[in-house]
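One structure below.
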Amino acid sequence: MLSLYNTFSKSKEEFKSLNPGKVGMYTCGPTVYGKVHIGNFRAYMLSDITRRYLEYVGYEVRLIKNITDVGHLTDDDVAQGDSGEDKMLKAALKEKKSPEEIARFYEEYFKLAEKELNIIPAHFFPRATAHVPQMIKIVEGLIEKGFAYEKNGNVFFDVTKFEDYGKLSGNTLENLKVGARLEEHPDKKNPWDFALWLKAPENHLMKWPSPWSVGYPGWHIECSAMSTEYLGNTLDIHTGGEDNIFPHHEAEIAQTECYTGKQYARFWLHNRHLLIGGKKMSKSKGNLFTLEDVLEKGFSAMDLRLLFLSSHYRSQMEFSFEALEQAHKNIQKINDFVLNLEAAAARDLVSPSTIDTKSVQEKFEAAMDDDLNTPLALSVFYEFISQCNKLFATNHLDSKSAHDILALWKKTNSVFGLVLSGQAEIPEEIKELMKKREQARHNKDFSTSDEIRALIEKHGFIIEDTANGPIVKIAD
Ligand code: AMP
Ligand code: ZN
């Protein structure tokens with residue numbers, strides 16, 4: 001039984017989809033005015049692991065991840081839709097490109113980085129700029145129903161009209177009154193009202209006609225428009241980073257529920273932040289690393305993927321290259337494990353099976369069922385690897401067990417999503433050379449076998465002679 005921590009109820013709840021067997025899932029995607037950083041990827045990893053595990057347990061998942069390509073009017077910290085700068089415009093001016101060019105460039109960058117991290121692409125990546133009519137329709141509906149008001153070409157959502165405002169974040173109007181105040185907009189009735197539509201200043205590049213002004217949408221409305229367009233009025237799961245809880249997701253709930261009259265998202269999943277020196281890694285602070293920074297230091301995207309899996313998404317995670325080094329070692333350990341299994345599976349050792357793969361699978365599933373506890377699921381495997389390594393060392397792993405363990409690894413790795421440099425990636429020519437070398441060794445023709453080893457190494461591979469026979473790996 002899968003249980004997920006729902007930010008809305010602040011408790012773990014058994015997950016069941018609204019429509020049997022099918023899950024509608026929405027993830028707040030990137031703002032494409034710059035390179036996504038590895039902190040952002042922590043959020044996309046949560047979405048990926050959730051989706052992968054739902055698929056593992058048999059659901060058909062439809063995942064939508066939006067592309068925020070409307071220049072934003074907000075600041076990472078304020079994010080209330082009424083202050084701050086247009087980041088897309090700023091980036092466009094700096095790079096002497098149109099906002100569209102900037103957005104397409106960074107969208108492509110984001111998708112490539114997701115691919116390198118083996119994050120399964122969403123079924124659709126809707127762009128905010130292609131959904132302005134849908135946003136306008138919702139805003140019109142909200143005005144009609146009395147939840148929103150227009151003044152001087154600007155439209156705001158009236159938070160006092162939504163009883164449940166603050167239920168997700170705890171920022172109820174009562175609590176907000178005693179908290180920090182926002183920079184006020186002269187056209188707002190209440191300081192916590194948020195923008196649905198804003199009149200564009202002269203120099204604003206991205207603007208659209210609307211019933212109220214030539215302007216642009218507030219940040220929050222795009223997710224309501226795109227999620228309901230592709231998933232219907234009620235989503236099974238909505239994910240994002242913890243900074244999205246307020247005001248973004250609180251606003252999404254308010255405007256969508258007031259518009260549709262239905263519950264918006266049944267489960268809200270939020271990852272805690274990736275920190276650097278104790279502070280949130282963020283674009284606006286500039287204290288960030290990109291995937292390229294990680295690769296340039298000699299690490300792989302899989303090292304980073306494993307690092308993310310090694311901490312639970314609801315605990316804060318401090319990024320460091322030392323931790324990445326440990327993840328790198330663990331990837332090698334898993335890689336060797338799979339190579340050893342492939343070597344053991346390929347030979348004909350028949351002996352009574354000593355390995356209980358069923359209990360490993362059960363422990364893995366118990367960990368994942370408990371709010372996607374990936375570090376625990378990994379530790380089940382690390383323990384199992386140690387157990388198997390003893391058998392490899394003494395040449396005691398029979399072929400059937402090796403096959404069974406490999407099958408288990410493949411199944412569970414559909415959730416971990418680690419791409420290993422296993423035998424599958426070894427070219428046929430190298431495999432042929434390996435066979436010839438084995439033949440030469442068998443004939444005690446060691447000078448030929450040494451020559452072949454040198455040739456294999458020249459092609460960038462290394463050979464390790466293990467108790468289970470030789471294995472070949474891609475050289476580091
Ligand atoms: P943005 O492009 O700023 O809208 O962020 C995209 C996603 O990344 C959102 O879900 C954010 O909550 C998430 N995010 C941003 N910074 C971090 C961080 N340091 N750690 C984890 N998630 C983050
Ligand atoms: Zn969003």
Side-chain angles (χ1 to χ4, degrees), residues 7 25-48 50 64-79 81 84 87-88 91 103 106-107 109-110 113-114 117 119 122 125-128 131 135 168-169 194 217-231 235 237-256 264-265 268-291 304 307-308 311-319:
T7 311
M25 191 173 152
Y26 185 86
T27 295
C28 288
T31 310
V32 282
Y33 61 83
K35 288 181 182 172
V36 284
H37 56 75
I38 59 173
N40 300 134
F41 281 117
R42 189 164 197 220
Y44 307 134
M45 277 294 292
L46 164 63
S47 159
D48 191 49
T50 309
I64 305 297
K65 194 180 282 177
N66 69 301
I67 301 288
T68 300
D69 58 350
V70 172
H72 263 309
L73 45 149
T74 62
D75 213 271
D76 270 18
D77 301 317
V78 181
K87 291 173 177 175
M88 196 80 85
Y106 289 116
E107 179 183 324
Y109 174 89
F110 155 73
E114 276 216 322
L117 281 161
I119 291 174
F125 292 93
R127 292 175 182 148
H131 294 79
M135 298 182 217
L168 178 75
S169 61
F194 56 86
W219 168 29
H220 317 304
I221 195 70
E222 71 175 71
C223 285
S224 295
M226 291 186 273
S227 59
T228 53
E229 172 91 358
Y230 298 102
L231 296 167
L235 324 173
I237 301 178
H238 193 314
T239 76
E242 60 176 324
D243 56 329
N244 279 168
I245 298 174
F246 188 83
H248 186 47
H249 291 163
E250 197 69 69
E252 272 188 53
I253 295 175
Q255 67 205 5
T256 321
Y264 177 44
W268 286 93
L269 268 58
H270 293 101
N271 60 281
R272 303 290 305 270
H273 284 144
L274 182 69
L275 308 179
I276 192 145
K279 297 218 165 65
K280 176 195 170 195
M281 185 178 287
S282 90
K283 261 177 219 168
S284 58
K285 290 197 189 82
N287 59 343
L288 54 84
F289 287 110
T290 62
L291 179 59
L304 184 60
L307 182 69
F308 284 133
S311 83
H312 189 251
Y313 75 90
R314 274 194 305 115
S315 41
Q316 280 189 336
M317 182 179 173
E318 175 73 35
F319 176 77

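We count ligands from 1, going down the list as the structure has it; atoms in each ligand are counted the same way. None of the values given here were measured: they were computed from a predicted structure. When reading the values below, keep in mind they use all heavy atoms of this one structure, side chains included, and skip hydrogens, waters and symmetry mates.
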Heavy atom of Tyr44 under 4.0 Å from ligand 1?
yes
Give the atoms of ligand 1, by number and element, whose distance to some non-hydrogen atom of Lys280 is under 4.0 Å.
16 (N), 19 (N)
Could you check if a side-chain atom of Thr68 sits within less than 4.5 angstrom of a side-chain atom of Pro30, using non-hydrogen atoms only?
no
Between CD1 on residue Ile221 and CD on residue Gln255, distance to nearest 0.5 Å
4.0 Å
If the cut-off is 4.0 Å to any non-hydrogen atom of Lys283, which atoms of ligand 1 fall inside it?
2 (O)
Taking the Zn ion (ligand 2) as the apex, SG on Cys223 and SG on Cys28 give an angle, to 10°, of 130°
Ligand 1 to Asn271 polar contact by distance, N or O atoms, under 3.5 Å:
yes
So which of Asn66, Val36, Asn244, Thr31 gets nearest to atom 9 (C) of ligand 1, if we judge by its closest heavy atom?
Asn244
A student comparing Leu46, Asp243, Leu275 should find that the heavy atom closest to atom 11 (C) of ligand 1 comes from Asp243
Do Val32 and Tyr109 come within less than 4.5 Å of each other through their side chains, counting heavy atoms only?
no
Within the stated cut-off of 2.8 Å, is an N/O/S atom of His249 closer than that to the Zn ion (ligand 2)?
no
Mutual orientation of the aromatic rings belonging to His270 and Trp268 [parallel < 30°, tilted 30-60°, perpendicular > 60°]
parallel
So, is Gly39 polar-close to ligand 1, with some N/O to N/O distance under 3.5 Å?
yes
Determine, using heavy atoms of His270 and all atoms of ligand 1, whether some pair is separated by less than 4.0 Å.
no
Over 60° means perpendicular and under 30° means parallel, so classify the ring planes of Phe125 and Phe110, tilted if in between.
perpendicular
Should Met45 and Tyr313 count as side-chain neighbours, where that means a heavy-atom distance under 4.5 Å?
no
Atom of His248 closest to the Zn ion (ligand 2), considering N, O or S atoms
NE2
Under 4.0 Å to a heavy atom of Ala43 - the qualifying atoms of ligand 1, by number:
8 (O), 10 (O), 13 (C)
Heteroatom proximity flag, Gly241 to ligand 1, N/O under 3.5 Å:
yes
For the atom pair CG (Leu274) and CE (Met281), what is the distance rounded to the nearest 0.5 Å?
4.5 Å
With a cut-off of 2.8 Å, does His220 put an N/O/S atom close enough to the Zn ion (ligand 2)?
no
Can you say whether the rings of His238 and Tyr264 are parallel (under 30°), tilted (30 to 60°) or perpendicular (over 60°)?
perpendicular
Before signing off on this row, confirm whether Gly240 and ligand 1 have an N or O atom pair separated by under 3.5 Å.
no
SB check Arg314 Glu242 (cutoff 4.0 Å)
no
Of Val32, Asn40, Thr239, the residue with the heavy atom nearest atom 5 (O) of ligand 1 is Asn40
Cys223 and its side chain to side chain contact (heavy atoms under 4.5 Å, CB included) partner, picked from Asn66, Thr256, Thr27:
Asn66
